[in-house]
Every structure is written in structure tokens, then in C-alpha cells.
Amino acid sequence: MHSKLIASAALMGLMMTTSVFAEESAVAKQTVNDALRARLPEKIRTDGKMISVNNGSFPPYEIVTGTELTGASADLTDAIGQMLGVTIEHETVSGLTALLAGINSGRYQFAFGPIGDFKTREEANDFVDWVQEYVVFSVQKGNPKAIASLDSACGNRIAVMAGGSAEKVIQAQVEKCKTAGKPAPEVQSYTDQPSSILAVRSKRADAFFSSQAPLTYFVSQANGQLELSGVGQKNGFDDLYQGAVVPKGSPLGPVLLDSIKALMDNGTYAAIMKKWGLENNMIKQPGLNLGGALPK
């Protein structure tokens, strides 16, 4: 509980400076697209709402403060809700496993994410991919442990998000380090981003291995304490797409896909992504189940 309180306090500090990171720019309100609205499942149209689930703060996409969600994903889901003529509510659960279970049980209609799309995950869910991502390290300023690749992670304390693809890559690296006769990395798994980044800032971990977009955000808010490392390398991944998640075969998937396409066509997608400093993560067109194999 104490660590959760510390992480919460650290996150609150980040929230105070969020406006510095996000460019102030108005996002045009969307008009209802009757054709897209008509394709929604009848229950959603009748209820007039959908619930999107997230697994905690994932800046600058998802920034959870109490019960309020801000960030690029919040702006985009607001625009999608306006386009579909429904209210999109947000709920937070702990961890990716709980998020996927909640979607597949029908408790939540979707998660806008973005969440990493891999073929193994597509067995139970459909992914509406709307960004491309990269996985890098966040380290202490000056990179005192010289962590710049998976090989240099050997013998160091590496924080990751529990249940995520980066955790799987680091766990595989444990065996590779042992095979090479090097000390294995100590893997520290956390349920949320703020706890992970706090571990590095407090020097309980030597690096946080995660998606480049949120790490760029955290580094920008760390008062010069952190920097990125391993940028521009594969780091155990091929092309990595991330997106919204719906149950397998859900009719909501194609509706979300075409809604995002419409936001791209009218310039709203680009405006929101640029507002949050995500220009390098934009893709030209969204796609359904673009993911590749999960790293071994």
C-alpha cells in the first residue's frame, strides 16, 4: 500500500506539469455520423454509452487522476463518441490481464489503449491498430550502468510492466545472459507506469524497459533525472503496432476502425497526436489485427 501511495504522489507531480508537455490546441467537435452510428450494436445505441477500460496511467495516451482520464486516448475517444452519438465512459483496472478479462466477459465494451497487438493476443481479441510504437529504456541521467541494449541489460535491475510484451522480452533475455556466461538481469514487474518509472528515479531499478511514447513523456517530466537509451534499435521487437481491443469478432471493431479513419481524414487524429507530442507514432491508416509474432 505504501508503494502505491508513493506512486500516486509521484503521478500527481507529473499531472501538475502535463500542460507543459501537451500543446494547447483546440480539437474540433465532431458531428454525428449517422451511417457509423447505425452500425453500432443495438444495445449500445439504446444505452447511449460505451465503457472503455484502461489499466492505469500510460502517458501521454492515458493519464488517470482519480476517476478522470486525460491524454491523447481520452481526446480521441471523446471525438469518437461525438461521431457515434454516444457517451464513452472510462474505468480503470489493475493490469493487462484484468483489462482483457473484463472485455471478454462483456463488462467493458472495449479498451482504446493503445495496447500491443500480437498474433497470440489476436486469438481471443481483435485489435484496431492506430499507432506504431517502439520499445526503449529509460535510465538515470548519464546512464551510469551503460544500458543501451538488451545485451547490456545483463546483471542490471530492469523494471517492466507486468503482463506486457516487454516483460516477456526481458524474461527471455535472462536465459540469454545466462547462456552467454553473464549475470542475469533482475526483472522487476510493476502493475502501472508511475510505479515503474519511480523505481528508476529512486534508484531501486537501473532502467525501465517500455514503450517509447510514455517514456518520452516521463523523461520530459523528470527534472533532468532521466534520459532515454536504446533508441533506434529493435530491442527484441519487429514492427510493433498498438491499438484498441474488442472481443474476437465483435461488430464494434470495424465501427471503431472506420471511426478512426474518419478522424484521420478530417485532420482530428493528427491534431490530437501532435497536441500530445506523438507525431513519431502516427500511422497513415488504421488497421485490423496488424500485429506480428510476440517476441520469443
Exercise. Are Val135 and Ile115 connected, step by step, through hydrophobic side chains (Ile, Leu, Val, Met, Phe, Trp, Tyr) whose heavy atoms are closer than 4.5 Å?
Worked result: no
Exercise. In Å and rounded to the nearest 0.5 Å, what is the CD to OG distance from Glu227 to Ser229?
Worked result: 7.0 Å
For this session: Indicate yes or no for a side-chain donor-acceptor contact from Lys178 to the backbone of Pro183 under 3.5 Å, with no hydrogens or angles considered.
Result: no
Problem set entry | Pairing of Glu279 and Lys274 as salt bridge, 4.0 angstrom limit | no
Exercise. Heavy-atom distance under 4.5 Å between the side chains of Val128 and Leu288, does that happen here?
Worked result: yes
Exercise. So, Glu42 and Arg45, do they make that salt bridge, N to O below 4.0 Å?
Worked result: no
Exercise. So which heavy atom on Val136 is nearest to which on Val231, and how close?
Worked result: CG1-CA, 3.8 Å
Problem set entry | Separation between CG of Asn235 and CD of Gln173, rounded to the nearest 0.5 Å | 10.0 Å
Problem set entry | Ser259 OG to Leu36 CG distance, which is reported to the nearest 0.5 Å | 4.5 Å
Exercise. Can Phe110 and Leu256 be said to form a side-chain contact (heavy atoms from CB on, under 4.5 Å), step by step?
Worked result: CA-CA 10 Å; Phe110 71 108; Leu256 289 176; 3.9 Å; yes
For this session: Check the surroundings of atom NZ in Lys248: do more than 12 heavy atoms from other residues, nucleotides or ligands lie under 6.0 Å from it?
Result: yes
Seminar exercise, completed: Here the gap from Ser211 atom OG to Gln242 atom CD, rounded to the nearest 0.5 Å, amounts to 4.5 Å
Problem set entry | Main-chain N/O of Asp192 paired to Ser195 side chain as donor or acceptor, under 3.5 Å | no
Problem set entry | Any Thr31 side-chain heavy atom under 4.5 Å of Met83 side chain | no
For this session: Answer yes if Ile103 and Leu257 sit in the same cluster of Ile, Leu, Val, Met, Phe, Trp and Tyr residues linked by side chain heavy atoms under 4.5 Å apart, and no otherwise.
Result: no
Exercise. Is there a side-chain contact between Lys168 and Gln171 (heavy atoms, below 4.5 Å)?
Worked result: no
Exercise. With side chains defined as the heavy atoms from C-beta onward, is the minimum distance between Leu215 and Ile197 less than 4.5 Å?
Worked result: yes
For this session: Show your reasoning for whether side-chain contact (heavy atoms from CB on, under 4.5 Å) applies to Val32 and Leu84.
Result: CA-CA 6 Å; Val32 176; Leu84 296 177; over 6 Å; no
For this session: Compare all side-chain heavy atoms of Phe208 with those of Met161 and state whether any distance is below 4.5 angstrom.
Result: yes
Problem set entry | Side chains of Pro286 and Met264 in contact at under 4.5 Å (non-hydrogen atoms) | yes
Problem set entry | Taking every non-hydrogen atom, the tightest pair across Tyr269 and Asn281 | OH-O, 4.2 Å
Problem set entry | Gln30 vs Thr268, side chain to side chain donor-acceptor pair (under 3.5 Å): CA-CA, chis, key distance, verdict | CA-CA 9 Å; Gln30 309 299 306; Thr268 301; 3.0 Å; yes
Exercise. Do Ile158 and Val169 share a hydrophobic cluster, counting only Ile, Leu, Val, Met, Phe, Trp and Tyr and linking them when any side-chain heavy atoms are less than 4.5 Å apart?
Worked result: yes
Exercise. Between Ser202 and Arg204, do the side chains contain an N or O donor and an N or O acceptor separated by less than 3.5 Å?
Worked result: yes
For this session: Just do the side-chain contact (heavy atoms from CB on, under 4.5 Å) check on Ile272 and Met282 with the steps written out, would you?
Result: CA-CA 10 Å; Ile272 291 172; Met282 292 168 54; over 6 Å; no
For this session: Using a 4.5 Å cut-off on heavy atoms from C-beta on, say whether the side chain of Gln233 contacts that of Leu150.
Result: no
Exercise. If you look at every heavy atom in Ser138 and Val219, which pair is closest and at what distance?
Worked result: OG-CG2, 3.9 Å
For this session: Is it possible for you to say whether Val200 and Phe58 belong to one hydrophobic cluster, with membership spreading through side-chain heavy-atom contacts below 4.5 Å?
Result: yes
Problem set entry | Approximate separation, where rounding is to 0.5 Å, of Gln109 CD and Ile51 CD1 | 5.5 Å
For this session: Could you label the plane-to-plane angle of the Tyr61 and Trp130 rings as parallel, tilted or perpendicular, counting under 30° as parallel and over 60° as perpendicular?
Result: perpendicular
For this session: Would you confirm whether Ser152, through its side chain, and Ser149, through its main-chain N or O, come within 3.5 Å as a donor-acceptor pair?
Result: yes
Exercise. Cluster question for you: counting only ILVMFWY and a side-chain heavy-atom cut-off of under 4.5 Å, with indirect links fine, are Phe112 and Leu96 together?
Worked result: no
Problem set entry | Heavy-atom closest pair, residues Leu278 and Ala213 | CD2-CB, 3.5 Å
Exercise. Looking only at heavy atoms, which two atoms of Ala205 and Ala159 are closest? And how far apart?
Worked result: CB-CB, 4.1 Å
Exercise. Is it the case that Ser73 and Glu62 place a side-chain donor and acceptor less than 3.5 Å from each other?
Worked result: no
For this session: For Phe118 and Leu240, run side-chain contact (heavy atoms from CB on, under 4.5 Å): C-alpha distance rounded to whole Å, both residues' side-chain angles, the deciding distance at 0.1 Å, then the answer.
Result: CA-CA 8 Å; Phe118 299 101; Leu240 178 57; 3.3 Å; yes
Problem set entry | Distance-only side-chain donor-acceptor flag, Asp206 / Gln140, under 3.5 Å | no
For this session: Apply the side chain to side chain donor-acceptor pair (under 3.5 Å) test between Asn125 and each candidate in Asn289, Asn104, Asp117; give the one that qualifies.
Result: Asn104
Exercise. Any donor-acceptor pair under 3.5 Å linking the side chain of Arg157 with the backbone of Gln188?
Worked result: no
Exercise. Does a side-chain N-to-carboxylate-O contact under 4.0 Å join Asp258 and Arg39?
Worked result: yes
Exercise. Is Ser52 close to Ile88 at the side-chain level, that is, under 4.5 Å between some pair of heavy atoms?
Worked result: yes
Exercise. Can you tell me how far the OH atom of Tyr241 sits from the CD atom of Glu133, to the nearest 0.5 Å?
Worked result: 12.5 Å
For this session: Work out which heavy atom in Trp276 is nearest to a heavy atom in Asp75; give both atom names and the distance.
Result: NE1-OD2, 2.9 Å
